[in-house]
Every structure is written in C-alpha cells, then in structure tokens.
Amino acid sequence: NAGVTQTPKFQVLKTGQSMTLQCAQDMNHNSMYWYRQDPGMGLRLIYYSASEGTTDKGEVPNGYNVSRLNKREFSLRLESAAPSQTSVYFCASSGQQGLNTEAFFGQGTRLTVV
Amino acid sequence: AQSVTQPDIHITVSEGASLELRCNYSYGATPYLFWYVQSPGQGLQLLLKYFSGDTLVQGIKGFEAEFKRSQSSFNLRKPSVHWSDAAEYFCAVGSHAGNNRKLIWGLGTSLAVNP
C-alpha cells in the first residue's frame, strides 16, 4: 500500500529558484492538504483541496501556489524560494471533507533554501 | 477560536514507566479529537481518535486516551513505555468554521525514553 507519496524527499534550492513538490495518493480520497512543519511551531496548513477542482488557502499560503491536478495528485509550487521557506513539508489526504476522518500523511520533503 | 494546547513541550520517562501526555482543547461544539505520532524523519501516523460514545478510546501500540468534556481534555496514556515510543506526539481537533474544515493542531510533545 503506497498511501500518500511525496517527491522529492530532500531538496536544496537557492534563493529565487522555483520548484514543485509533488504529492499523490492512491486511496481515492477527496481531500488533500499541504502542511509545513517548523521547530516549535507544530504543523501549519498552507493550502488544502476539499475535492478535485477546488483549492483553498490555509494559515500560511503566502509564497506558495497549489494545483489539484486530478483526484490523486496535489502539487505545491514555490515560485521564488526564500530562506523563510526552509522547512519540512507534508502532504496529507483524507476520505472526505469531514471532521471525523483521519488524515494520512506522506513521509515529508525536507527543503532547504540557501 | 478553536485551539489545542499541549502543555508539555518535552517529556522524559524511563522504559517501563507509565506515560501521560496532556492535551487541552477549546472548541464550541462536540469535538472530534485525534492523537498522532511522528517518529524521527517520518510522517505522522494516527494513534487513536474520538468522535462519540465511550470516552475511553483504545489505539494502536498500546495507547489509550480519555475524553473529559468537563476538563476540555483528551490525555494520552500508556501503562508501560517502550524505547520505540520515543517520538513526537501531536493532538488535534477537527474544526468546522463554515466551509473551512480542517484539523487544528497542538504544537506537539517530544517524548524521550531512558533505558
């Protein structure tokens, strides 16, 4: 069972470079999420997608864009990377936009912007 | 506003000792509550969840949690800790503010286990 797959696992960018983090889930989930995790700050929601074709901002959307390419895939793009975007990024999915369904997480992408 | 507080940033216990990790929430309605565990370098894995019914819920890896509405708490417990339980633990509450449904996360508790 692949679950939620994120690529790449590690990435180093120079300030101003762009990149896309890929995420795919094989559980036929409707909802998908992008979080960033920083020491002492827990998980912060960047963007989420309640269903195919819809996306919404989370707590910290500035500097990011997302695309819900289809039901399986939800990508996160950094157009012009900044050192403040150095973080660990997690993609997650859940079965529906409900409160009582668990979220399944990918293994994370460790991004360093120098 | 909805919030989740994990008062303990870091806890150290000896292997074989009992464990209790605290979680307090602020939420206007009946909460949906979750505990997740994150091992080093890994993603988050669900330990257990509470929606309704029995206030004592059992999870994986020998963990349990008790929902206490009067105290707005959902503390995680384990009778005897194993070295492999060393990890970061996150409490979360399901939030629905209009159409903006998402999980509200605590900042986590880091657990170290002494041999």
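Worth saying up front: this structure is predicted, and the values here are computed from it rather than measured. Residue numbering restarts at 1 for every chain, and letters A, B, ... go by the order of the sequence lines. No hydrogens, no waters, no symmetry mates; every other heavy atom, side chains included, goes into these values.
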B/W105 versus A/M41: any side-chain heavy-atom pair under 4.5 Å? no
Answer yes if A/V60 and B/I104 sit in the same cluster of Ile, Leu, Val, Met, Phe, Trp and Tyr residues linked by side chain heavy atoms under 4.5 Å apart, and no otherwise. no
I'd like to check B/L44 versus A/L43 (side-chain heavy atoms, cut-off strictly below 4.5 Å). Are they in contact? yes
Which bit of A/Q6 is near chain B, if near means a heavy-atom gap under 4.5 Å: side chain, backbone, both or neither? neither
Starting at CD of B/Q45, measure out to CD of A/E102 and round the result to the nearest 0.5 Å. 9.0 Å
Does B/L48 share a hydrophobic cluster with B/I60, counting links as ILVMFWY side-chain heavy atoms below 4.5 Å and allowing steps through other members? yes
B/I9 atom CD1, neighbour heavy-atom count above 12 within 6.0 Å: no
Same cluster or not: A/F105 versus A/Y89, using hydrophobic residues (I, L, V, M, F, W, Y) connected whenever any side-chain heavy atoms lie under 4.5 Å apart? no
Is it true that atom CZ of A/R44 has more than 12 heavy atoms of other residues, nucleotides or ligands lying nearer than 6.0 Å? yes
Hphob cluster co-occupancy, A/V113 + A/F10, side-chain heavy atoms under 4.5 angstrom: no
Output for pair (B/Q38 CD, A/F90 CZ), nearest 0.5 Å, gives 4.5 Å
Checking the side chain of B/Y36 only, and the main-chain atoms of A/A103 only, is there a donor and an acceptor separated by less than 3.5 Å? yes
Using non-hydrogen atoms and a 4.5 Å limit, figure out which bit of A/F104 sits close to chain B: side chain, backbone, both or neither. neither
